Each structure stands twice: as structure tokens, then as C-alpha cells.
Novice: 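Questions regarding the structure given below will be posed in turn.
No experiment lies behind these values; they were computed from the predicted model shown.
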Amino acid sequence: MASEPRSDEREESDEGGENDERAALRGKFMLVFRGGAVARRDRDLSPSELQSHVEKWYRWSDELARQGRCNEGTALDDPGAMVRGRERVVTDGPYAESKDLVTGVMIIEAASLEDAVEVARTCPTYEFDGSVEVRPVQV
């Protein structure tokens, strides 16, 4: 016969299901952002358009944190350098086109690759033709 769990073994009640939701988020995934508003060479965005777009990013990031996805990440600045090959040749920016420029990364928690892809689909970067690569993180 199974015994009742001791009080220190019982999980706290969670009427909103937040603990259940967080328990389901077991894998870590890196979102690699490419292109988008930051990478635009024409930079024809007005300051108010850029500010509006940045605010969307903040709201999106805040929502991921609220969901318990523990997002961690940063935007990347320009210029950069590439070190490549056996000779370790250094070149400025390895980008063929601005749409290929890595503009930032974020690590999130998700239940699966499919779940992480669904998170990536809600990213504001698509507004300016950006892309998001989703990769599992080895832990």
C-alpha cells in the first residue's frame, strides 16, 4: 500500500499550472537571429520606426520570461571579424549579404525542437525579413 507523501515531498499547489508548464520545458535551444532591421544596409528606418521595432523585441522577450522559458541572450554589434582556415586568416565580416549577418542569439527552454520552432515563429525579426535558426544546445 502506498503511503501519503510527507509534507516536504509534496509539491506546492499551483492553480494556474505554472509549475506544470515549467516542468515541461526541459530542453535548451539556441535561437540564432540573422538579418532583420539591425542588418539593413539601407538603414532607411526612421528613429520612431526603429524604436517601435525594438519595443516589440522587448515585449517578446518579456513574454518568454513570463512563460518561464528563462531566455538569455544578447544582440551583437557590428563590425566583427572572421578567423578562418588552417592559416587563421582574419577578415572583416564574413557575410555575403546583410540577411546572413548574425545579429543576436538567445537561449530558451522548450519542451522539444517543435516547441522551440513555435517560439521562433513569434519573433519580431520577420517584420524586416530576418530569419531565426533553432538549434538544440548540448548540456
Novice: At their closest point, which heavy atom of V134 faces which heavy atom of A120, and how far apart are they?
Specialist: CG2-CB, 3.7 Å
Novice: Can you tell if the side chain of V117 reaches within under 4.5 Å of the side chain of E114, non-hydrogen atoms only?
Specialist: no
Novice: Are any non-hydrogen side-chain atoms of F29 and L113 less than 4.5 angstrom apart?
Specialist: yes
Novice: With a 4.5 Å heavy-atom cut-off, do F33 and S131 have their side chains touching?
Specialist: no
Novice: Side chain to side chain contact (heavy atoms under 4.5 Å, CB included), that's the test. Do V89 and V83 meet it? Break it down for me.
Specialist: CA-CA 5 Å; V89 174; V83 181; over 6 Å; no
Novice: Considering the options R69, K28, R26, which one meets the salt bridge (Lys or Arg N to Asp or Glu O under 4.0 Å) requirement together with E109?
Specialist: K28
Novice: Salt bridge (charged side-chain N to carboxylate O under 4.0 Å, His left out) with E55: which residues, sequence neighbours excluded?
Specialist: none
Novice: Is there a side chain to side chain contact (heavy atoms under 4.5 Å, CB included) between V119 and W60 once you walk through the steps?
Specialist: CA-CA 10 Å; V119 169; W60 182 66; 4.2 Å; yes
Novice: Nearest 0.5 Å, what's the CZ-CZ distance between R86 and R88?
Specialist: 10.0 Å
Novice: Is there a side-chain contact between I108 and E72, using heavy atoms and a 4.5 Å cut-off?
Specialist: no
Novice: With R121, which residues qualify under salt bridge (charged side-chain N to carboxylate O under 4.0 Å, His left out), at least two apart?
Specialist: E118
Novice: For residues M106 and S61, determine if any side-chain heavy atom of one lies less than 4.5 Å from a side-chain heavy atom of the other.
Specialist: yes
Novice: Testing the basics here: between M30 and V137, what is the closest heavy-atom pair and its distance to 0.1 Å?
Specialist: N-CG2, 3.6 Å
Novice: So, using salt bridge (charged side-chain N to carboxylate O under 4.0 Å, His left out) as the criterion, who are the partners of E133 when residues are at least two apart?
Specialist: R34, R135
Novice: Tell me if a side-chain donor or acceptor on E49 pairs with a main-chain N or O of S46 at a distance below 3.5 Å.
Specialist: yes
Novice: Indicate if W57 and F128 have the same hydrophobic cluster label, given that clusters are the connected sets of ILVMFWY residues with side-chain heavy-atom separations under 4.5 angstrom.
Specialist: no
Novice: How about E127 and K56: do any of their side-chain heavy atoms sit closer than 4.5 Å?
Specialist: yes
Novice: Do the side chains of T103 and L76 get nearer than 4.5 Å, heavy atoms only?
Specialist: no
